[in-house]
Amino acid sequence: MWSPPTDVYEIEEAVIVRVEIAGMREDDFSIMLEERILTIRGTRPDHPERRAYHQLEIPFGEFITEVELPVQVVADKIEAIYQSGFLRLVLPKVIHQFPWTE
């Protein structure tokens, strides 16, 4: 199993997770959120042609990446976009509103 390069950063209203997993289709991976642990797993297929490698740096097969999110997020509002070899997740932060007391 291998782990793709993953960036995690925070903006004012969300946590952004960006994973580099080129050469895949949206059906090739799954996304799970449990508490504050985000898990992305899938399989990048190998090409079936016969070959003799001289250099092999691009991993294939099953992968997994797990990220502990820095804040609580709204699970049912997560947006996932897979484009140009990058999976980008926008995870809206939970906004705690406290009633004002006079």
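Since the structure is predicted, the reported quantities are computational estimates derived from the model, not experimental observations.
Heavy atoms only, all atoms of each residue included: Pro59 and Glu57 are closest at CD-O, 3.2 Å. Heavy atoms only, all atoms of each residue included: Gly23 and Pro45 are closest at O-CD, 4.3 Å. Across every non-hydrogen atom of Pro92 and Ala14, the tightest pair is CA-CB, 4.0 Å.
Applying the side-chain contact (heavy atoms from CB on, under 4.5 Å) test to Glu49 and every residue at least two apart in sequence or in another chain returns His47, Arg51. For Ser3, there are no side chain to side chain donor-acceptor pair (under 3.5 Å) partners two or more places apart in sequence or in a different chain. Legend: residues meeting side-chain contact (heavy atoms from CB on, under 4.5 Å) with Ala80, ordered by chain and number and at least two apart, are Ile31, Leu87, Leu89. Annotation: salt bridge (Lys or Arg N to Asp or Glu O under 4.0 Å) contacts of Glu66 (sequence neighbours excluded): none. The side chain to side chain donor-acceptor pair (under 3.5 Å) check on Tyr9 picks up nothing, with sequence neighbours excluded. With sequence neighbours excluded, no residue forms a side chain to side chain donor-acceptor pair (under 3.5 Å) with Glu35. Taking the side-chain contact (heavy atoms from CB on, under 4.5 Å) definition, one finds that Thr43 meets it with Glu62, sequence neighbours left out. For Val94, the side-chain contact (heavy atoms from CB on, under 4.5 Å) criterion is met by Gln72, Val74, His96, not counting sequence neighbours.
Grouped by direct or indirect side-chain proximity (heavy atoms under 4.5 Å, Ile/Leu/Val/Met/Phe/Trp/Tyr only), Ile81 sits alone. Using a 4.5 Å cut-off between side-chain heavy atoms of Ile, Leu, Val, Met, Phe, Trp and Tyr, Phe86 forms no hydrophobic cluster with any other residue.
Atom-to-atom distance recorded for Leu91:CG and Lys77:NZ is 13.5 Å, nearest 0.5 angstrom. With values rounded to the nearest 0.5 angstrom, Ile58 atom CD1 is found 10.0 Å from Trp2 atom CH2.
The same ILVMFWY cluster, assembled from side-chain heavy atoms under 4.5 Å apart, contains both Ile40 and Met24. Taking hydrophobic clusters as Ile, Leu, Val, Met, Phe, Trp and Tyr residues chained together by side-chain heavy-atom distances below 4.5 Å, Leu38 shares a cluster with Val8.
Note on residues 82-94: pairs passing side-chain hydrogen bond (donor to acceptor under 3.5 Å, both in side chains), not counting sequence neighbours, are Glu10-Lys93. Residue pairs meeting the side-chain hydrogen bond (donor to acceptor under 3.5 Å, both in side chains) criterion with at least one partner in residues 13-30, sequence neighbours excluded, are Arg25-Asp28.
Between Leu69 and Val17, some side-chain heavy-atom pair lies under the 4.5 Å cut-off.
When the options Thr65, Val67, Leu33, Ile64 are evaluated for a side-chain contact (heavy atoms from CB on, under 4.5 Å) with Thr39, the one that passes is Ile64.
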